[in-house]
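Comments concern the structure below.
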Amino acid sequence: GEQVEQLPSILRVQEGSSASINCTYENSASNYFPWYKQEPGENPKLIIDIRSNMERKQTQGLIVLLDKKAKRFSLHITDTQPGDSAMYFCAARGTNTGKLTFGDGTVLTVKP
Amino acid sequence: EAAVTQSPRNKVAVTGGKVTLSCNQTNNHNNMYWYRQDTGHGLRLIHYSYGAGSTEKGDIPDGYKASRPSQENFSLILELATPSQTSVYFCASGDVNQDTQYFGPGTRLLVL
């Protein structure tokens, strides 16, 4: 099956700076890479995703990069705010099963 | 956004007892999923379904059964609950033609 490694597990940044989370995957056939944000006591919510036919996607202060050769994708949050503090998960979906495999998550804390 | 509900939201069970977690979605999605979330492990797939009458084993199916009696409903069954099954369980649904999975609010299960 697919394996997804997510780093770092803990990330603390100053308000207004950027935050980056990196994920790697094993299955070169994976074709869909979503990012979820989960606040304490809540369910995971999709914040941005990228498909294998793209290298970069940006929306509202979020940038996702995909490097298929390196089997690596990353989330970049620009101009972080305290409201960005949460757990973030990356995931990868293989084309054969359609299942998502999740990374273990990153706890982001944005300090005022 | 897809409407996914779960019941119960909280459950305390005894070791060896039977536990049934229910999930309902109202957006006519074909695919439904059960995950558990534990600290340090992110979201792990237990069972999933491609439609009414179908169930498939996920990455950690041991000790769990699933049932998909209709398009809307997907249940997770613990026939003989064990303390190791104490966790937060999330149901998700997704359309076969789209990639996004939408998560329910979660069920906190404590097995004593």
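The basis for the numbers below is simple: all heavy atoms, side chains too, and nothing from hydrogens, waters or symmetry mates. Naming convention: chains lettered A, B, ... in sequence-line order (proteins, then strands); numbering from 1 in each chain.
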Say you draw a straight line from [atom1] of [X] to [atom2] of [Y]; how long is it, rounded to the nearest 0.5 Å?
| X | Y | atom1 | atom2 | answer |
| --- | --- | --- | --- | --- |
| A:Thr101 | B:Leu43 | OG1 | CG | 11.0 Å |
| A:Gln3 | B:Asp59 | CD | CG | 8.5 Å |
| A:Tyr32 | B:Thr100 | OH | OG1 | 3.5 Å |

What do you reckon, is [atom1] of [X] surrounded by more than 12 foreign heavy atoms closer than 6.0 Å?
| X | atom1 | value |
| --- | --- | --- |
| A:Lys111 | NZ | yes |
| A:Gln60 | CD | no |
| A:Gln81 | CD | yes |

Give the cluster check for [X] versus [Y]: same hydrophobic cluster or not, with ILVMFWY residues linked at side-chain heavy-atom distances below 4.5 Å.
| X | Y | result |
| --- | --- | --- |
| A:Tyr36 | A:Leu66 | no |
| A:Val107 | A:Val110 | no |
| B:Ile77 | B:Trp34 | no |

Proximal component of B:Leu45, with respect to chain A [non-hydrogen, under 4.5 Å]: side chain
Validation row: B:Gln37, A:Gln38 side chains within 4.5 angstrom (heavy atoms):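 In short, these two side chains touch, coming nearer than 4.5 Å.
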Would you confirm whether A:Asn43, through its side chain, and B:Gly106, through its main-chain N or O, come within 3.5 Å as a donor-acceptor pair? no
Heavy atoms only: give me the nearest B:Phe90-A:Glu42 pair and the separation to one decimal.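 For B:Phe90 versus A:Glu42, the nearest heavy atoms are CZ-O, 3.8 Å.
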